[in-house]
Amino acid sequence: QVQVVESGGGSVQAGGSLRLSCTASRSRFSRYCLGWFRQTPGKSREAVAAGFTGGPRTVIADSVKGRFSTSHDASKNTLYLEMNNLKPEDTGMYYCGADPDSRGYCTVSLKESEYLFWGQGTQVTVSS
């Protein structure tokens, strides 16, 4: 089983910044495609960004483009979500999904169905 752990959430005022971390366990696979999604009560999960722990491949959702970005640390199997100029509508539970690079390739995607393993989420609250 692959463990996925998110961290870095918190409460900030509008205009502030946060950096979320998503780490996938290295016990079975050495690289992952990781996707960030967010959800608020009563709404479906929304794609935010995705990236690859082994390189610079990334995709950012149009809704956050220009404010959010990703970076990675291959040695830690971690994808970071850098969130700047946060708005109250960015409030939600942020989840990370993992797709192992099990056959030498994985897809950096904003499609929830591409990800096999999920973390418990980290809460982001932006106040006006």
Side-chain angles (χ1 to χ4, degrees):
Q1 187 70 304
V2 174
Q3 288 188 321
V4 181
V5 179
E6 305 99 332
S7 63
S11 297
V12 297
Q13 290 191 327
S17 299
L18 282 173
R19 187 177 79 158
L20 306 184
S21 300
C22 174
T23 300
S25 59
R26 295 183 63 90
S27 59
R28 293 187 59 191
F29 305 100
S30 60
R31 302 185 303 182
Y32 294 84
C33 287
L34 299 176
W36 281 104
F37 297 79
R38 64 187 180 190
Q39 189 168 22
T40 53
K43 294 186 178 181
S44 58
R45 200 172 287 190
E46 174 193 15
V48 177
F52 180 49
T53 62
R57 285 189 284 145
T58 187
V59 59
I60 308 295
D62 288 343
S63 60
V64 299
K65 198 168 289 184
R67 299 190 297 121
F68 290 14
S69 63
T70 66
S71 60
H72 70 280
D73 185 334
S75 67
K76 297 180 180 179
N77 242 13
T78 295
L79 184 74
Y80 301 102
L81 180 65
E82 310 277 356
M83 305 188 296
N84 298 308
N85 190 21
L86 283 162
K87 303 176 180 180
E89 52 263 42
D90 295 318
T91 294
M93 185 69 79
Y94 282 67
Y95 296 94
C96 182
D99 177 25
D101 185 16
S102 57
R103 291 175 290 182
Y105 189 81
C106 58
T107 301
V108 174
S109 172
L110 295 178
K111 293 182 180 179
E112 191 175 346
S113 59
E114 292 285 344
Y115 299 97
L116 305 178
F117 306 98
W118 291 88
Q120 295 299 309
T122 185
Q123 177 68 36
V124 172
T125 303
V126 184
S127 57
S128 58

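Just so you know, these numbers use all the heavy atoms, side chains as well, and skip hydrogens, waters and symmetry mates.
Using a distance-only test at 3.5 Å, with no hydrogens or angles considered, no donor-acceptor pair links the side chain of Gln120 to the main chain of Val5. A donor-acceptor contact shorter than 3.5 Å links the side chain of Thr91 to the backbone of Val126. Glu6 places a side-chain N or O within 3.5 Å of a backbone atom of Cys96 that can act as its donor or acceptor partner. For the pair Arg57 (side chain) and Phe52 (backbone), a donor-acceptor distance under 3.5 Å is absent. With hydrogens and angles disregarded, a donor-acceptor distance shorter than 3.5 Å links the side chain of Thr53 to the backbone of Tyr32. Side-chain atoms of Tyr80 never come within 3.5 Å of backbone atoms of Asp73 as a donor-acceptor pair (strictly under, hydrogens ignored). The backbone N or O of Lys111 sits less than 3.5 Å from a side-chain atom of Ser109, completing a donor-acceptor pair.
A donor and an acceptor atom, one from each side chain of Ser17 and Asn84, are located under 3.5 Å apart. Remark: the Thr78 side chain and the Thr23 side chain contain an N/O donor-acceptor pair separated by less than 3.5 Å.
In the hydrophobic cluster analysis, where Ile, Leu, Val, Met, Phe, Trp and Tyr join through side-chain heavy atoms closer than 4.5 angstrom, Leu20 is grouped together with Phe117. One hydrophobic cluster, built from ILVMFWY side chains closer than 4.5 Å, cannot hold both Val12 and Met93; they sit in different ones. Hydrophobic clustering of Ile, Leu, Val, Met, Phe, Trp and Tyr side chains at less than 4.5 Å, counting indirect connections, unites Val2 with Leu116.
Gln123 CD: more than 12 foreign heavy atoms inside a 6.0 Å radius. The neighbour count for Gln3 CD, taken as heavy atoms of other residues, nucleotides or ligands under 6.0 Å away, does not exceed 12.
With respect to the salt-bridge test (charged N to carboxylate O, under 4.0 angstrom), the residues Asp90 and Lys87 do not qualify.
Contact between Val4 and Ala98 at its shortest, heavy atoms only, is CG2-CB, 3.7 Å. When all heavy atoms are compared, the tightest approach of Ala49 to Ile60 is CB-CD1, 3.7 Å. Minimum interatomic distance between Pro100 and Cys106 (heavy atoms only, all atoms of both residues): O-CB, 3.9 Å. For the pair Ala47 and Leu110, the tightest heavy-atom approach, listed with the atom from each and the gap, is CB-O, 3.3 Å. Closest approach of Leu79 and Ser71 over heavy atoms only: CD1-O, 3.3 Å.
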Criterion side-chain contact (heavy atoms from CB on, under 4.5 Å) on Arg38 and Ser63, from CA distance to verdict: CA-CA 12 Å; Arg38 64 187 180 190; Ser63 60; 4.3 Å; yes
Thr70 vs Leu34, side-chain contact (heavy atoms from CB on, under 4.5 Å): CA-CA, chis, key distance, verdict: CA-CA 10 Å; Thr70 66; Leu34 299 176; over 6 Å; no
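Within the model, atoms OG1 of Thr40 and CD of Glu46 stand 8.0 Å from one another, a figure rounded to the nearest 0.5 Å. Remark: Ser21 OG to His72 NE2 distance equals 14.0 Å, nearest 0.5 Å.
A side-chain contact (heavy atoms from CB on, under 4.5 Å) with Val48 holds for exactly one of Phe37, Tyr95, Trp36; it is Trp36.
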